[in-house]
> 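Just dropping this structure here.
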Amino acid sequence: MRRYGRHWQQRPGDAFTEAYALSVSHRAPLLYLVVIFNTLLVAGCFLGTAPLALVALAPVMSIVAAQRAFHWMPDKVALRPVEQLRTDLMGMQRLGGWAALVFVSWSLGLYPYGDSGQRELLHFVIAVTMFSAILGMANSPQTALRFGVAFTLPWSLFLLATGHPDARAIAAAQVFITVILLAMTQIQHRDFVRLELSRQLLVRRERQTAELASAHYRQATVDHLTGGRNRRAILACLEDYLAAPAQAVRPWLALFDLDGFKHVNDTYGHAAGDHVLSVVNQRIGASEEVTAHGRLGGDEFAILFDGAFNADEVMVAAKVLSQAIREPIPFNGATLRLFGSIGLFRAEGSTASTCLERADAALYKAKELGDGAIVAFGPDDEVALQRRIAVMRQFNDCALEDRLRLLYQPIFDCRDGRVVGMEALARWSPDGIEWQAPGEFLAIADATGRTGELTRLVLARTLAECRPWETGLEVSINLAARDVVREGLAETIAAIVADAGASPSSVMLEVTERALQIDPKRAAAQLIALREKGFRIALDDFGAGWSSLSQLRDLPLDRIKLDRQLVGALSSDPGARAVTGMIVALAWQLGIGCSIEGVESEAQANAARALGIHLMQGYHFGRPEPAAEALRVYAGLSLLSAVSIG
Ligand code: C2E
Ligand code: CA
Ligand code: CA
């Protein structure tokens with residue numbers, strides 16, 4: 001504080017000048033009032049004794065003083081620009097001394113015309129006016145000093161010159177008190193400066209804190225990509241609605257998920273993906289029916305529709321929005337076309353997460369339907385959801401070891417009717433009584449993050465139950481999509497195989513095309529690593545969906561497993577026969593084996609055989625059975641030491 005000095009002029013910045021002027025304005029008008037009162041008092045007293053011209057100066061001085069008092073009224077000062085204030089303050093400093101001199105000179109001019117009583121009054125008035133002036137200007141020591149000098153000096157000299165009996169004493173007292181008062185003004189001014197500076201510091205700090213808080217708030221609630229609400233903000237918005245009184249109308253929560261967004265990212269780059277998300281965010285925001293929206297993450301948005309809509313109306317609103325998002329999105333000369341699926345739920349849950357869960361279940365259904373479907377969550381869905389939640393809990397809490405069972409389905413070589421391998425198919429039981437097929441629990445394993453554990457367990461148990469090193473059978477196990485991209489997969493499962501004392505070459509790992517599509521590059525690298533460890537790899541469900549023949553050439557495969565959808569068509573559809581024949585021929589050329597699964601009849605088996613497929617799997621040859629049965633019935637290996645676990 002000291003380095004700024006102690007006077008207002010030395011203060012940089014406008015805030016200080018303003019504060020200073022305001023403080024002056026609280027005193028100056030009162031001071032002028034004292035001056036006016038005293039002037040008129042003296043004039044009244046000398047009226048009739050002093051020359052009229054001299055007395056008449058009083059109203060003139062009073063008018064000037066009144067005008068100055070008016071000029072310094074606090075509400076006027078508060079409105080004045082700082083430049084003007086600075087001029088005013090400098091003017092006050094400069095003119096204050098002269099004004100005092102005029103007052104003193106006028107009083108001295110009257111002195112000779114007064115009797116002793118009038119003269120006493122003059123002494124008194126001048127002293128009072130001076131002290132008032134100095135005290136009134138206590139915040140402005142420069143002005144006070146000028147007042148002090150302008151009053152004390154001429155008055156004391158005059159007094160001494162009049163030969164007044166107490167002149168010396170009075171003059172000395174006056175000088176002494178003036179000096180003391182001036183010292184006090186210095187102290188007061190210094191205190192004022194300090195106080196004002198710390199006040200300003202406080203204000204600055206407060207502003208900085210507020211700015212920081214608002215920056216933090218922005219950072220925490222704004223989606224950096226779209227500039228709209230982020231997950232936290234839109235969920236907070238939903239929570240606010242849920243916290244409203246029970247009778248308030250609840251909004252509709254819609255979850256919107258883009259289809260084919262990954263494709264945009266992969267084909268046009270991430271800048272295109274980001275652009276798409278921004279545009280989608282804008283289009284959602286532009287819909288009049290939408291009360292709030294935000295990006296939950298990835299390509300998923302949460303949207304709140306007006307709660308006044310009934311179920312049909314909100315469907316229409318969602319359709320209109322979905323249509324708007326379908327409009328082509330131009331990007332760098334390209335035209336991007338996307339659409340999304342919507343899951344709707346009347347946000348009646350107790351928390352945002354229960355609402356999200358239901359909207360998400362509806363979205364899941366919509367995705368299954370495809371083509372940008374819109375599905376509202378209904379009462380049946382609630383039942384299914386409750387069941388799913390219960391199962392999820394059971395799955396989460398169970399020791400997989402105790403609740404998992406493996407069935408084995410034989411793989412036949414039709415040329416000699418021998419079983420060459422067994423595919424392990426998992427069953428899970430929530431209670432040890434009812435056993436569920438993978439279709440029911442695999443998604444839950446995925447959601448609870450236990451797929452890796454499941455795969456390891458299935459592999460270890462398959463090896464223990466089928467003992468390929470003794471039976472000479474090849475064992476097949478299925479890898480989940482998550483497995484395929486999991487770091488260190490090859491090392492982990494190689495260790496399990498080594499622990500069991502088996503050879504990786506007796507293990508066939510089945511991966512689906514869908515699993516490979518999630519991250520094709522990474523998946524290919526993983527397959528190569530697995531191959532290097534000695535594992536064999538089969539492409540499962542080939543022909544079930546979108547199949548690319550080029551991956552047969554690009555991926556390190558030992559076998560393709562033609563999906564059972566093809567089997568059904570083989571015996572009846574010449575087109576399917578032609579396509580399958582082509583695939584088999586291509587695989588043969590590439591040195592990849594071929595098998596077919598889901599064979600349910602002799603006719604199907606014959607049709608497959610006619611195309612040169614020898615390895616077959618299906619109910620016609622054998623249903624999935626527990627290890628002991630499968631080995632005994634299918635492979636005639638009951639005498640071997642294969643033991644069944646679990
Ligand atoms: P998948 O690998 O294609 O397995 C063949 C599925 O078809 C099995 O169903 C099997 O019971 C069934 N199947 C076999 N022959 C026939 C037939 O002639 N006709 C008909 N209609 N169906 C037949 P499941 O056991 O329900 O398994 C379904 C899928 O779950 C499997 O398909 C596989 O992708 C997956 N899966 C099974 N076990 C595991 C596992 O341990 N781990 C992982 N990640 N996935 C598994
Ligand atoms: Ca399989
Ligand atoms: Ca399959």
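For ligands, and for the atoms within them, numbers begin at 1 and follow the listed sequence. The residues of the chain are indexed from 1 along the displayed sequence. Both backbone and side-chain heavy atoms feed into the values below; hydrogens, waters and symmetry mates do not.
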> Just going by heavy-atom distances, which of Ala538, Gly598, Pro438 is nearest to atom 28 (C) of ligand 1?
Pro438
> Closest non-hydrogen protein atom to atom 5 (C) of ligand 1, residue and atom name please, with distance?
Glu597 OE1, 4.0 Å
> Tell me whether atom 9 (O) of ligand 1 lies less than 4.0 Å from at least one protein heavy-atom position.
no
> What is the nearest protein non-hydrogen atom to atom 34 (O) of ligand 1, stated with its residue, atom name and distance?
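The closest one turns out to be Asn478 OD1, 4.1 Å.
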> Can you tell me which N/O/S atom of Glu510 has the shortest distance to the Ca ion (ligand 2)?
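This residue's closest N, O or S atom turns out to be OE1.
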> Checking contacts here: is it the side chain or the backbone of Pro624 that comes within 4.0 Å of ligand 1, counting heavy atoms only? Could be both or neither.
side chain
> Nearest 0.5 Å, what's the CD1-OG distance between Ile342 and Ser322?
5.0 Å
> Measure the distance from atom 16 (C) of ligand 1 to every protein heavy atom, then report the residue, atom name and distance (to 0.1 Å) of the closest one.
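Ranked first by proximity to atom 16 (C) of ligand 1 is Tyr619 CE2, 3.3 Å.
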> Got a second to check how far Leu253's CG is from Arg346's CZ, nearest 0.5 Å?
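The CG atom of Leu253 sits 12.0 Å away from the CZ atom of Arg346.
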> Side chain, backbone, both or neither: which part of Gln409 comes within less than 4.0 Å of ligand 1 when only heavy atoms are counted?
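The side chain, only.
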> With respect to the Ca ion (ligand 3), please indicate if Asp540 possesses an N, O or S atom at a distance under 3.0 Å.
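Yes, Asp540 qualifies, because one of its backbone or side-chain N, O or S atoms lies under 3.0 Å.
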> For residues Trp428 and Phe395, establish whether the separation of their ring centroids is below 6.0 Å.
yes
> Does Arg283 reach the main-chain N or O of Ala324 with its side chain, forming a donor-acceptor pair under 3.5 Å?
yes
> Could you tell me whether Phe331 atom CZ has more than 12 heavy atoms of other residues or ligands within 6.0 Å of it?
yes
> Give, for atom CZ of Arg388 and atom CD1 of Ile444, the distance between the pair rounded to the nearest 0.5 Å.
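The CD1 atom of Ile444 is 5.5 Å from CZ of Arg388, to the nearest 0.5 Å.
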> Nearest 0.5 Å please: distance from the CZ atom of Phe345 over to the CZ atom of Arg358.
5.5 Å
> I'd like to know if the Ca ion (ligand 3) has an N/O/S atom from Glu597 within less than 3.0 Å of it, counting both backbone and side-chain atoms.
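It does; at least one qualifying atom falls short of 3.0 Å.
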> Go through ligand 1 atom by atom and flag the ones less than 4.0 Å from a non-hydrogen atom of Val458.
41 (O)
> Rounded to the nearest 0.5 Å, what separation is found between the CZ atom of Phe301 and the CD1 atom of Ile234?
11.0 Å
> Short list, please: which atoms of ligand 1 are under 4.0 Å from a heavy atom of Asp541?
3 (O)
> Could you list the atoms of ligand 1 found under 4.0 angstrom from a heavy atom of Leu425?
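Every atom of ligand 1 under 4.0 Å from some heavy atom of Leu425: 4 (O), 8 (C), 10 (C), 11 (O), 25 (O), 37 (C), 38 (N).
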> Look at atom 32 (O) of ligand 1 and say whether a protein heavy atom is found at less than 4.0 angstrom from it.
no
> Going by heavy atoms, is Arg623 under 4.0 Å from ligand 1?
no
> Has the side chain of Asp381 got a donor or acceptor atom that lies under 3.5 Å from a matching backbone atom of Ala362?
no
> Step through the shown structure and confirm whether more than 12 heavy atoms of other residues, nucleotides or ligands are within 6.0 Å of CZ on Arg514.
no
> With no hydrogens and no angle check, is any side-chain donor or acceptor of Gln409 less than 3.5 Å from a backbone partner on Arg623?
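No; judged by distance alone, with no hydrogens or angles, the pair does not exist.
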> How wide is the angle at the Ca ion (ligand 2) spanned by Glu423 OE2 and Asn478 OD1, rounded to 10 degrees?
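Value, to the nearest 10 degrees: 90°.
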> Any sub-3.5 Å donor-acceptor pair from Arg531's side-chain atoms to Leu557's backbone N or O?
yes
> Identify which of Ile477, Leu442, Asp540 has a heavy atom lying nearest to atom 35 (C) of ligand 1.
Leu442
> Mind checking whether Lys561 has a heavy atom under 4.0 Å from ligand 1?
no
> Which heavy atom of the protein is the closest neighbour of atom 20 (C) of ligand 1, given with residue, atom name and distance?
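Result: Glu600 OE2, 3.3 Å.
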> Does Leu570 offer a backbone N or O that forms a donor-acceptor pair with the side chain of Arg577 under 3.5 Å?
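Between the backbone of Leu570 and the side chain of Arg577 there is a qualifying donor-acceptor contact (under 3.5 Å).
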> Please state which part of Arg427 comes within less than 4.0 Å of ligand 1, counting heavy atoms only: side chain, backbone, both or neither.
side chain
> To the closest 0.5 Å, what do you measure between CD (Gln526) and CD1 (Ile537)?
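One finds 10.0 Å between CD of Gln526 and CD1 of Ile537.
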> Which atoms of ligand 1 sit under 4.0 Å from any heavy atom of Ala480?
44 (N)
> Considering heavy atoms of the protein only, find what lies nearest to atom 41 (O) of ligand 1 and give residue, atom and distance to 0.1 Å.
Ala426 CB, 3.4 Å
> For atom 12 (C) of ligand 1, what's the nearest protein heavy-atom neighbour? Residue, atom name and distance, please.
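The closest one turns out to be Arg564 NH1, 3.7 Å.
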> May I ask you to identify, for Glu423, whether its side chain, its backbone, both or neither come under 4.0 Å of ligand 1 on a heavy-atom basis?
side chain
> Restricting to N, O or S, what is the name of the atom of Asp541 that lies nearest the Ca ion (ligand 3)?
OD1
